[in-house]
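The structure follows.
Both ligands and their constituent atoms are indexed starting at 1 by order of listing.
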Amino acid sequence: MTEENNTAPLEGKFIVLAVTGGIASYKSIELARLLTLDGAQVQPILTQNARAFVQALPFQILTGHMPIEAMFPIEGGRHPGDMPHISLTDRSDLIVLAPATANIIAKFARGMGDDFVSTLLLSAKAPVIVAPAMNPRMWANPAVRENVHLLRSHGHLVMEPGAGRMARAEEGQGRGRMPEPSEILTEVRRLLLPEPDLAGLRLLVSAGPTREKWDAVRFLSNRSSGIMGFALASVACLRGAEVTLVSGPVSLPDPPGVRTIRVESTDEMRTAALNAWKNMDAAIMAAAVADFRPANPISGKQKKESGSASIELERTPDIIAEMGHKKGNRVLVGFAAETDNLKENALDKLRRKQLDLIVANAVSGEDDAMGSETSRAHLFDASGAEEAFPLLEKHALAEFILDRVAKMWEKNR
Ligand code: CTP
């Protein structure tokens with residue numbers, strides 16, 4: 001792990017996270033965590049109404065900064081600096097308003113300053129991201145529409161709220177949910193890192209298991225969760241790549257900004273991957289593809305009385321090997337899931353499948369990577385050189401793998 005790694009892209013950035021009062025305030029705790037993990041210094045501000053929904057403590061613990069909760073210093077507490085709203089705006093690279101209620105949107109749009117957040121916004125020099133959260137009827141209200149329009153015309157980034165179920169079922173399915181913390185992080189990175197290192201890279205990622213049908217209700221598959229492939233796809237997207245993700249059946253939601261294609265069988269994954277590969281600069285195939293499938297699948301449900309107790313299997317096509325044969329000067333990265341002889345098997349796969357890099361990890365014992373949030377990986381390149389990592393969150397490992405891809409892609413250009 002060298003200094004040039006990219007695990008803290010927001011290092012040195014100072015972000016004010018202003019939280020106003022709504023049921024979505026709890027999601028801002030996760031946002032505070034993501035921004036801090038990304039290396040940013042985060043100063044939280046909680047309005048009085050926000051305090052009705054969330055406590056200051058989680059924000060303080062996650063960011064290391066005491067949340068500001070009032071306009072004027074209160075007994076026993078001090079704001080950082082004499083005129084906190086001015087000193088904060090002088091220091092900040094970005095202000096994130098999440099969740100933003102209809103009330104703060106109105107105050108911000110019309111230039112009111114009757115509490116700390118609205119006063120801070122009045123003196124803001126840094127760009128502002130607004131992540132609205134409100135009842136869909138409020139979001140559709142003409143006055144709110146007008147205020148949002150005003151803010152956009154002033155150059156602020158007002159995100160679209162998400163659609164879907166609201167906190168209370170009777171509020172229906174309209175648009176009004178706060179954008180997910182990961183989506184807000186994408187916007188933060190876009191604003192603060194104007195030239196991400198993977199901009200222009202067309203990247204294919206595969207993830208999850210494949211499922212091979214035996215009869216109408218049964219299949220062969222494996223324990224893969226898709227976490228590694230999804231982490232690679234979302235991190236690559238945050239770093240500016242144009243990502244196509246082909247995933248087998250997993251329970252993870254589509255990563256924001258990523259073109260996600262859901263498949264089931266190895267054949268379906270092969271068709272989707274080979275099709276996409278024609279227009280890609282690189283591919284990272286993290287899927288745990290089934291190597292065998294039932295040779296004679298049954299269309300109905302196999303009855304136990306009449307059926308045979310064994311299933312005849314046949315080999316599935318090796319997708320990445322086919323891609324390797326049509327590789328040209330593109331970058332191709334594979335994974336090796338091993339229980340024994342990690343290095344030997346990984347290097348053998350790398351050569352047989354004509355890969356540029358292989359990520360080998362154990363799938364048994366204490367460090368079993370399959371289904372886990374973490375992995376202890378070894379990277380081998382075509383020269384046989386090895387880079388070994390400690391046990392890492394898969395998102396962190398994704399950053400390192402993408403650092404290597406970025407270098408190889410640069411070299412090939
Ligand atoms: N892979 C593939 N198509 C297959 C099997 C594997 O594209 N039918 C890819 C995986 O996505 C991974 C790499 O090949 O990037 C290695 O997968 P792995 O299961 O470790 O190796 P196998 O080639 O299947 O060999 P074995 O099961 O014998 O270890």
Polar proximity ligand 1 side, K353 side, N/O cut 3.5 Å exclusive: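 Yes; the residue has a nitrogen or oxygen that sits under 3.5 Å from a nitrogen or oxygen of the ligand.
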
Protein heavy atom at shortest distance from atom 13 (C) of ligand 1: F335 O, 3.0 Å

Plane angle bin for F380 and H378 - parallel if under 30°, tilted between 30 and 60°, otherwise perpendicular: parallel

Contact check, side chains of R404 and E387, non-hydrogen atoms, under 4.5 Å: yes

Salt bridge flag under 4.0 Å for residues E187 and R190: yes

Shortest protein contact, atom 28 (O) of ligand 1 (heavy atom only): D291 OD2, 4.6 Å

Sidechain N-carboxylate O distance under 4.0 Å for D356, R330: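 No, this pair does not count.
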
For atom 25 (O) of ligand 1, the protein heavy atom that lies nearest, with its residue and separation: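 Of every protein heavy atom, K349 CE, 3.4 Å lies nearest to atom 25 (O) of ligand 1.
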
Option nearest atom 9 (C) of ligand 1 (shortest heavy-atom distance, choices I320, T266, N361): I320

Distance from atom 10 (C) of ligand 1 to nearest protein heavy atom, with residue and atom: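 Here the nearest protein heavy atom works out to A287 O, 3.4 Å.
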
W214 six-ring face occupied by R293 cation (under 6.0 Å, within 45°):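 No - R293 does not lie over the ring of W214 by the 6.0 Å and 45° rule.
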
Check: T20 side chain, P99 main-chain N or O, donor-acceptor pair, under 3.5 Å: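 At least one qualifying donor-acceptor pair exists.
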
G334: numbered ligand 1 atoms lying under 4.0 Å from its heavy atoms: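 Near G334, meaning under 4.0 Å from one of its heavy atoms, ligand 1 has 15 (O).
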
Shortest protein contact, atom 8 (N) of ligand 1 (heavy atom only): P317 O, 2.9 Å

Close-contact set for ligand 1 against A336 heavy atoms, below 4.0 Å: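 Taking each heavy atom of A336 in turn, ligand 1 has 20 (O) under 4.0 Å.
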
Distance-only N or O hit between ligand 1 and I319, under 3.5 Å: yes

A337 near ligand 1 by a heavy-atom separation under 4.0 Å: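 Checking ligand 1 against A337, which is what was asked, there is a heavy-atom contact under 4.0 Å.
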
Closest approach of any protein heavy atom to atom 2 (C) of ligand 1, naming residue and atom: D318 OD1, 3.4 Å

Atoms of ligand 1, numbered as shown, that sit under 4.0 Å from any heavy atom of T316: 8 (N)

Parallel, tilted or perpendicular: rings of H156 and F108 (30°, 60°):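 F108 vs H156 ring planes: tilted.
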
N-O pairing of D90 and K125 below 4.0 Å: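 Between K125 and D90 there is a salt bridge, with a charged N closer than 4.0 Å to a carboxylate O.
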
For atom 15 (O) of ligand 1, closest protein heavy-atom neighbour: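 I find the closest protein heavy atom is M285 O, 2.7 Å.
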
Test item: K213 and E264 side chains (from C-beta on) under 4.5 Å apart, heavy atoms: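 They are not in side-chain contact.
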
